[in-house]
Amino acid sequence: QLIPTAIGTISSAERIRTIMELPVESIGRTEEYEKMYSKSMDKGICLEISHMNFHYKNGKQVFNDVSCKVKTGEIVAFVGPSGEGKTTMLRILLGIVKAQGKITLSTEGLSLSISPAARRLMAYVPQGNTMMNGTIAENLRMLKPNASDEEIITALKESCAYEFVEKLPDGINHNIGESGIGFSEGQNQRLAIARALMCQTPILLLDEATSALDVATERKVLGNLMTGPKKRICILTTHRPSVLSMCDRVYRIASQKIQEIGPAEIKQIMNEF
């Protein structure tokens with residue numbers, strides 16, 4: 001019995017050592033991005049990609065001379081086959097990987113290039129379950145430790161999560177198991193979106209973050225995200241065409257290119273689903 005335990009301990013220690021040896025990421029100067037954050041709360045923000053190229057270290061080309069634009073108040077969807085670069089696009093925007101070309105964020109009188117420091121302007125909901133062991137309130141306060149109960153409830157309502165949270169015996173103080181045990185995948189997705197909303201950023205990135213929701217709830221969540229006084233932009237990746245009719249722009253990612261598709265093509269995708 002001790003041998004499997006010892007092997008597991010050695011493996012865990014190796015993983016920890018690998019993490020500890022990762023180079024410290026240089027965020028760079030954050031003052032200008034803080035200034036952009038303040039301005040964007042009233043004026044909104046725009047994102048523009050111009051003549052961007054990206055390839056992996058193994059030489060595989062993902063994007064070749066691509067350009068696109070997202071304006072203040074828009075919902076933009078990236079669609080396309082698996083493995084064509086939808087998630088990679090979000091990683092580029094987050095500054096996790098660096099692409100060649102010009103990627104800029106702009107608001108009134110200020111324009112900045114994408115860098116790790118630009119994450120101050122973004123909230124990201126990745127694929128998969130990211131809920132931690134603890135209460136709902138503790139999970140949401142991970143991104144805003146001093147948040148009031150009212151702020152938490154507002155975010156839960158915006159993500160349509162309060163519909164089931166208010167029915168729980170302990171409400172927002174209800175305990176969640178590790179990886180969201182005790183809730184369905186769709187409920188965990190709505191909680192993850194609520195947590196991202198606690199950042200109150202002008203850019204929201206959703207990577208297949210509504211895939212487990214039914215169509216009506218999915219449309220309601222996206223509708224809530226884009227209403228109200230906040231001028232944000234929402235960029236989502238999806239395999240489901242059910243929300244494409246709500247998007248201001250839809251870009252198809254395929255064969256190393258990004259191409260905006262029109263209403264006729266969107267309707268065809270929805271009919272084929």
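Excluded from the calculations below are hydrogen atoms, water molecules and symmetry mates; all remaining heavy atoms, backbone and side chain alike, are included.
- A side-chain N or O of Thr237 and one of Asp207 form a donor-acceptor pair less than 3.5 Å apart.
- Using a 4.5 Å cut-off between side-chain heavy atoms of Ile, Leu, Val, Met, Phe, Trp and Tyr, with links allowed through other members, Ile233 and Met41 fall into the same hydrophobic cluster.
- Summarising the geometry of Val221 relative to Ser159, their closest heavy-atom pair is CG2-O, 3.4 Å, with the distance given to 0.1 Å.
- Formation of a donor-acceptor pair under 3.5 Å by the Asn129 side chain with backbone atoms of Ser179 is found in this model.
- For the residue pair Arg120 / Thr201, no side-chain donor-acceptor distance below 3.5 Å is found, with atom types taken as modelled.
- Taking both residues in full, the closest heavy atoms of Leu140 and Ala194 are given as CD2-CB, 4.1 Å, listed atom of the first, atom of the second, then distance.
- The stretch residues 5-52 participates, sequence neighbours left out, in no ring-ring contact (aromatic ring centres under 6.0 Å, His included) pair at all.
- Clustering ILVMFWY residues whenever any of their side-chain heavy atoms sit less than 4.5 angstrom apart, transitively, puts Leu93 in the very cluster that holds Leu110.
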Arg219 and Asp214: CA distance, side-chain angles, deciding distance, salt bridge (charged side-chain N to carboxylate O under 4.0 Å, His left out) verdict: CA-CA 9 Å; Arg219 293 176 68 87; Asp214 62 82; over 6 Å; no
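- Glu14 contributes atom CD, which lies 11.5 Å from atom CD1 of Ile19 (distance to the nearest 0.5 angstrom).
- When the side chain to side chain contact (heavy atoms under 4.5 Å, CB included) test is applied to Thr88, the partners found at least two apart in sequence or on another chain are Phe54, Tyr56, Val62, Phe63, Ile92.
- Shortest non-hydrogen contact noted between Asn224 and Cys160 is ND2-SG, 3.5 Å.
- Other residues, nucleotides and ligands contribute over 12 non-hydrogen atoms within 6.0 Å of the NZ atom of Lys257.
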Do Leu205 and Leu94 pass the side chain to side chain contact (heavy atoms under 4.5 Å, CB included) test, and can you show the C-alpha distance, the side-chain angles, and the key distance before you say yes or no? CA-CA 9 Å; Leu205 306 176; Leu94 287 164; 3.8 Å; yes
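- Surrounding CD of Glu260 are more than 12 heavy atoms belonging to other residues, nucleotides or ligands, all under 6.0 Å away.
- Hydrophobic clustering, with ILVMFWY side chains joined whenever heavy atoms are under 4.5 angstrom apart, groups Leu47 together with Ile45.
- Cluster annotation: Ile103 and Val66 are assigned to the same hydrophobic cluster (Ile/Leu/Val/Met/Phe/Trp/Tyr, side-chain heavy-atom contacts under 4.5 Å, transitive).
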Quick one: do Met52 and Met89 satisfy side chain to side chain contact (heavy atoms under 4.5 Å, CB included)? Show the steps, please. CA-CA 11 Å; Met52 184 186 76; Met89 172 60 76; 3.8 Å; yes
Step by step, would you call Glu48 with Ser106 a side chain to side chain donor-acceptor pair (under 3.5 Å)? CA-CA 8 Å; Glu48 186 168 5; Ser106 60; over 6 Å; no
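- In the hydrophobic cluster analysis, where Ile, Leu, Val, Met, Phe, Trp and Tyr join through side-chain heavy atoms closer than 4.5 angstrom, Met198 is grouped together with Ile172.
- To the nearest 0.5 angstrom, Ile136 atom CD1 is 9.0 Å from Gln187 atom CD.
- Under a 3.5 Å cut-off, the side chain of Thr107 and the backbone N or O of Gly44 do form a donor-acceptor pair.
- In this structure, Gln61 places its CD atom where more than 12 heavy-atom neighbours from other residues, nucleotides or ligands lie under 6.0 Å away.
- Arg195 and Thr130 form a side-chain donor-acceptor contact under 3.5 Å, judged by distance and modelled atom types alone.
- Environment of CD in Glu108: sparse, with no more than 12 heavy atoms of neighbouring residues, nucleotides or ligands closer than 6.0 Å.
- Under the 30°/60° scheme for interplanar angles, the aromatic rings of His174 and Phe183 are found to stand perpendicular.
- For the pair Ile181 and Ile176, the minimum side-chain heavy-atom distance is 4.5 Å or more.
- The shortest non-hydrogen separation linking Gly177 to Asn133 is CA-OD1, 3.9 Å.
- With Glu74 as the partner, the side-chain hydrogen bond (donor to acceptor under 3.5 Å, both in side chains) test is satisfied by one option alone out of Arg249, Lys69, Arg232: Arg249.
- Judged by distance alone, the side chain of Arg252 and the main-chain N or O of Val79 form no donor-acceptor pair under 3.5 Å.
- Put simply, the side chain of Ile49 does not reach to within 4.5 Å of the side chain of Lys102, judged on heavy atoms.
- Using modelled atom types, one side-chain atom of Thr9 and one backbone atom of Thr5 make a donor-acceptor pair closer than 3.5 Å.
- Of all non-hydrogen atoms in Cys234 and Leu222, the two that sit nearest each other are SG-CD2, 4.5 Å.
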Given salt bridge (charged side-chain N to carboxylate O under 4.0 Å, His left out), test Glu150 with Lys157 step by step and report yes or no. CA-CA 10 Å; Glu150 290 72 22; Lys157 287 180 177 178; over 6 Å; no
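- In this structure, the separation between SG on Cys199 and NZ on Lys144 is 9.5 Å, given to the nearest 0.5 Å.
- Counting only distance, with no hydrogens or angles, the side chain of Gln189 and the backbone of Ala212 share a donor-acceptor pair below 3.5 Å.
- Checked by atom type and distance alone, the side chain of Asn139 pairs as donor or acceptor with a backbone atom of Met132 at under 3.5 Å.
- Annotation: side chain to side chain contact (heavy atoms under 4.5 Å, CB included) contacts of Arg91 (sequence neighbours excluded): Thr87, Ile96, Val97.
- Here Cys247 contributes atom SG and Ile75 contributes atom CD1; the two are 6.0 Å apart, rounded to the nearest 0.5 Å.
- Using a 4.0 Å cut-off between a side-chain N of Lys or Arg and a carboxylate O of Asp or Glu, Arg17 and Glu21 qualify as a salt bridge.
- The CG atom of Asp65 sits 11.0 Å away from atom CD of Gln256, with the distance rounded to the nearest 0.5 Å.
- Asn188 contributes a side-chain N or O that, together with a main-chain N or O of Gly180, makes up a donor-acceptor pair within less than 3.5 Å.
- Exactly one of Leu105, Ile114, Leu112 qualifies for a side chain to side chain contact (heavy atoms under 4.5 Å, CB included) with Leu121. That residue is Leu105.
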Trace of the side chain to side chain contact (heavy atoms under 4.5 Å, CB included) decision for Ile193 with Leu225: CA-CA 10 Å; Ile193 292 171; Leu225 296 179; 4.3 Å; yes
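- Atom CG of Leu22 is surrounded by more than 12 heavy atoms from other residues, nucleotides or ligands within 6.0 Å.
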Apply the test salt bridge (charged side-chain N to carboxylate O under 4.0 Å, His left out) to residues Arg190 and Glu163: give CA-CA distance (whole Å), side-chain angles for both, the deciding distance (0.1 Å), then the verdict. CA-CA 10 Å; Arg190 283 180 276 174; Glu163 297 173 0; 3.7 Å; yes
Determine whether Glu218 and Thr210 satisfy the following criterion, side chain to side chain donor-acceptor pair (under 3.5 Å), listing intermediate values before the conclusion. CA-CA 6 Å; Glu218 184 179 39; Thr210 59; 2.7 Å; yes
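- The shortest non-hydrogen separation linking Arg119 to Gly95 is NH2-O, 3.3 Å.
- Checked for salt-bridge contact, Glu158 and Lys220 miss the test: no charged N lies under 4.0 Å from a carboxylate O.
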Step by step, would you call Tyr124 with Leu90 a side chain to side chain contact (heavy atoms under 4.5 Å, CB included)? CA-CA 9 Å; Tyr124 172 54; Leu90 299 188; 4.1 Å; yes
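- Of the charged side-chain nitrogens involved, none lies within less than 4.0 Å of a carboxylate oxygen, so that Glu208 and Lys86 do not count as a salt-bridged pair.
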